[in-house]
2 protein chains.
Amino acid sequence: MATIKDIADVAGVSLATVSRVINNGPKVGDATRERVKKVMEELGYRPNANARALVTRKSASLGVVIAELLDPFFATLAHGIDAVARRQNVQILMSAGSIEKQTELKAIDTLLQHRCEAMVVHSKALDDKTLVEFAAQVPGFVLINRYIEDIGHRCVWLDNVAGGQTMARHMLSQGHKKFVVVSSKYQIDDPIQRLSGIRKELALSDIELPESHIEFSTPDQEGGEIAMRNLLARGIEFTAVLAYNDAMASGAMTLLQDHDVNVPTDVSIIGYDDVLLAKYCRPKLTTLHYPVEMMATKAADLALAYARGDVPDPSVTYKYTPTLVKRDSVMNRHAGQST
Amino acid sequence: MATIKDIADVAGVSLATVSRVINNGPKVGDATRERVKKVMEELGYRPNANARALVTRKSASLGVVIAELLDPFFATLAHGIDAVARRQNVQILMSAGSIEKQTELKAIDTLLQHRCEAMVVHSKALDDKTLVEFAAQVPGFVLINRYIEDIGHRCVWLDNVAGGQTMARHMLSQGHKKFVVVSSKYQIDDPIQRLSGIRKELALSDIELPESHIEFSTPDQEGGEIAMRNLLARGIEFTAVLAYNDAMASGAMTLLQDHDVNVPTDVSIIGYDDVLLAKYCRPKLTTLHYPVEMMATKAADLALAYARGDVPDPSVTYKYTPTLVKRDSVMNRHAGQST
DNA sequence: CTGTCTTATGTAAACCTTTCCCCTCAGTTC
DNA sequence: GAACTGAGGGGAAAGGTTTACATAAGACAG
């Protein structure tokens, strides 16, 4: 593959001049510029990104660590980041972290080996200290879906407690009094916070949520089915199901329907995330919208800005709040119709 | 960040020796090896991937070009590739091509700038010639979901004609005689081939498929709804819907249900791809399983193997065939029950 | 015509690794 | 004891680019 030197030789100029042309630098005569460009074209020249990164100590790439590409939630996340990367002409280095300590660590490490100075990281398995250390090393290290106070201005996160409250409040406003919760068995921040929000809100109405009314399972459709089966088997009476996410909600709903329990007439269900699935299950899922794509682009922009050395307004924080999306899986028990 | 030179100085050895330790090379005494390793540990040394790629002309990374991260089909594809990358200790460089000529071109170009010598490319917008040229330049250039004869041994693809035939054959076997097709409006190979397979199979039973029975729209749920709405508006009678993919099938199904048409009793629907959604929607979708994850890992393995200089058996080709997955969206009109 | 600016261009060092080739030294072999 | 062997280790070039610094040529004022 042609190098800058080949171009210089053919065009009869020095390496420096070619480099200036490539980078649209100043101090090059128009005639020379054109000639060099023409030669580059002819030889199919492509700058060597590695050499460039080596000498400039900048990588023109954005590292991304997410849990799991398969999950539509992360796919949306990746999509948002990709949009920014494309706009800013930056290559994405992607790794899945699987919410496992070793894997997440290795993913970040590899990114570091590439001297990637902007990264958007979704980490649930690593502890605060480790992440703060990485942040100290990498100027454009941005955390998504997690808040750590020490590096708060580099965290783009969702208020899950408020989310939990909103879910519960909506059900309460629709006249529901008997609740069960279908939660994730992975005890990372998210389910814990959402649950605490739920509890907080229910407490305001003097409703208690005994442990037996909460079932933990894998945060996917199958997990939702299993959790709901267990709840049913336990003979608990309820009219409202609060699910950890849309997948679990959908699974729970499927299982109820298989047991001839009508949704929402007999039992109402609310999800969380508002992924595509929410619109396409039947009945359509009432859920909380997680503005993940917006957050992803924000995180990517932020990472790239920090990497460039820009200092975004340090007073703003990047906390987002989920919003209620009313569809057809929740019924108003006062009025007797779904809302 | 510490460099090899720092390690050498502290450990009191030469650069060459440190390099040998890093690469587990020979010619290093046990004592020295240990000492160097210890120093590397202490200094938190991380090899510079860029410098390494520059000097070795190998990049230890795998380029991936896919259409669109949001699409669960591509998410699965990416997931399969990621598994291989992780196993082989290779970093993924990911770009979305959006099925647009310029974008796909640019994505590949960027990969090339990184001197990525293994890439898995999903391209629908670029012509054969362009791709063959790239393949000539990049040893590990592998095409997924596309077949080009000149580089047939570097294509991992699905037999879409056979897929179309299977869809039609299944519906015929269930006693269906009145067909409509919901296809993609993007006239790339896939919908054309699937449609031709359908036609071929129907012809065997002397059933014709007039143009008015085919509706083209975007290959997503909304497109499925729109297409079905148009078909209904046209007043066409049918009992079998053959959809371009699961998303369209699901959209079409939703619309039918909204019009009080029962699936599968009144109308049977078959999808294509067998993505997660097929299991989530109600009734569960009978569909063709596209072994995309298996194909993705195959493609990634192949790309990496070619990049290493290995020459896989040139006599084998990587053609896959979709298989029928029977769920609940198709009814047997002979027996009167869903199969 | 000399001196001073500008503008266009060239030279060479630096970025960090890998690897080829050379050197040294201790132990073997005859 | 000379010649050889092999292991452990070092020196230096190479890989492609950017950029600080140097240089050359022309423009222009005085």
Please determine if a side-chain N or O atom of A:Thr3 lies less than 4.0 Å away from the OP1 or OP2 oxygen of D:dG16. no
Quick note, A:Val28 side chain, CB onward, closest among D:dT18, C:dT9, C:dT18 is C:dT9
Which of the following nucleotides, D:dG8, D:dT18, D:dG10, is nearest to the side chain of B:Val13? D:dG10
Pick base, sugar-phosphate or nothing for B:Pro26, based on heavy-atom distances below 4.0 Å to the nucleic acid. nothing
Heavy atoms under 4.0 Å, any strand shown: does A:Asn23 hit a base, just sugar-phosphate, or nothing? sugar-phosphate
Would you mind classifying the nucleic acid contact of A:Thr17 as base, sugar-phosphate or nothing, using non-hydrogen atoms under 4.0 angstrom? sugar-phosphate
I'd like to know if A:Arg308 pairs up with A:Asp310 as an ion pair, taking the criterion as any Lys NZ or Arg NE/NH1/NH2 lying under 4.0 Å from an Asp or Glu carboxylate oxygen. yes
Take the protein atom NZ of B:Lys27 and the nucleotide atom P of D:dT5, then report the distance between them rounded to whole Å. 16 Å
Test for a donor-acceptor pair under 3.5 Å between the base of C:dG10 and the side chain of A:Arg20, counting only N and O atoms. yes
Over how many whole Å does the gap from B:Glu34 atom CD to D:dG8 atom P extend? 14 Å
As a test of reading the structure: which of C:dT19, C:dC16, D:dT17 is closest to the side chain of B:Ala51, going by heavy atoms? C:dC16
Between C:dT11 atom C1' and A:Leu15 atom CG, what is the distance in whole Å? 9 Å
How many Å lie between CD1 on A:Ile4 and C1' on D:dT18, as a whole number? 8 Å
Determine whether a donor-acceptor pair (N or O, by modelled atom type, separation under 3.5 Å) exists between the side chain of A:Asn23 and the backbone of A:Gly25. no
Picking from C:dT18, D:dT18, C:dC16, which would you name as closest to the side chain of A:Arg57? C:dC16
Just to confirm, is there a sub-4.0 Å distance from OP1 or OP2 of C:dT18 to any side-chain nitrogen or oxygen of B:Thr56? no
Which nucleotide in the set C:dA14, C:dT19, D:dG11 lies at the smallest distance from any side-chain heavy atom of B:Ser14? D:dG11
Does a side-chain N or O from B:Tyr45 land closer than 4.0 Å to OP1 or OP2 of C:dC16, or not? no
What integer distance in Å separates B:Arg52:CZ from D:dG16:C1'? 18 Å
Whole angstrom is fine here: how far is it from CG in B:Asp6 over to P in C:dC15? 11 Å
Would A:Glu104 and A:Ser123 satisfy side chain to side chain donor-acceptor pair (under 3.5 Å), going step by step from the backbone distance to the final call? CA-CA 7 Å; A:Glu104 287 185 357; A:Ser123 168; 2.6 Å; yes
Looking only at the side chains, is there a donor atom on one of B:Ser98 and A:Arg86 sitting less than 3.5 Å from an acceptor on the other? yes
Do any side-chain nitrogens or oxygens of B:Thr32 fall under 4.0 Å of OP1 or OP2 in D:dG8? no
More 5' along DNA chain D: B:Arg115 or B:Gly29, using each one's nearest nucleotide? B:Gly29
Output the rounded distance in Å from CG (A:Asn50) to C1' (D:dT18). 15 Å
Would you check if the side chain of A:Asp6 reaches a backbone N or O of A:Thr3 as a donor-acceptor pair within less than 3.5 Å? yes
In the structure I gave you, are the side-chain heavy atoms of B:Glu68 and A:His79 within less than 4.5 Å of one another anywhere? yes
Check the distance between C:dC16's C1' and B:Leu43's CG and give it to me in whole angstrom. 15 Å
Between B:Ala16 and B:Leu54, which is nearer to the 5' end of DNA chain C once each is assigned its nearest nucleotide? B:Leu54
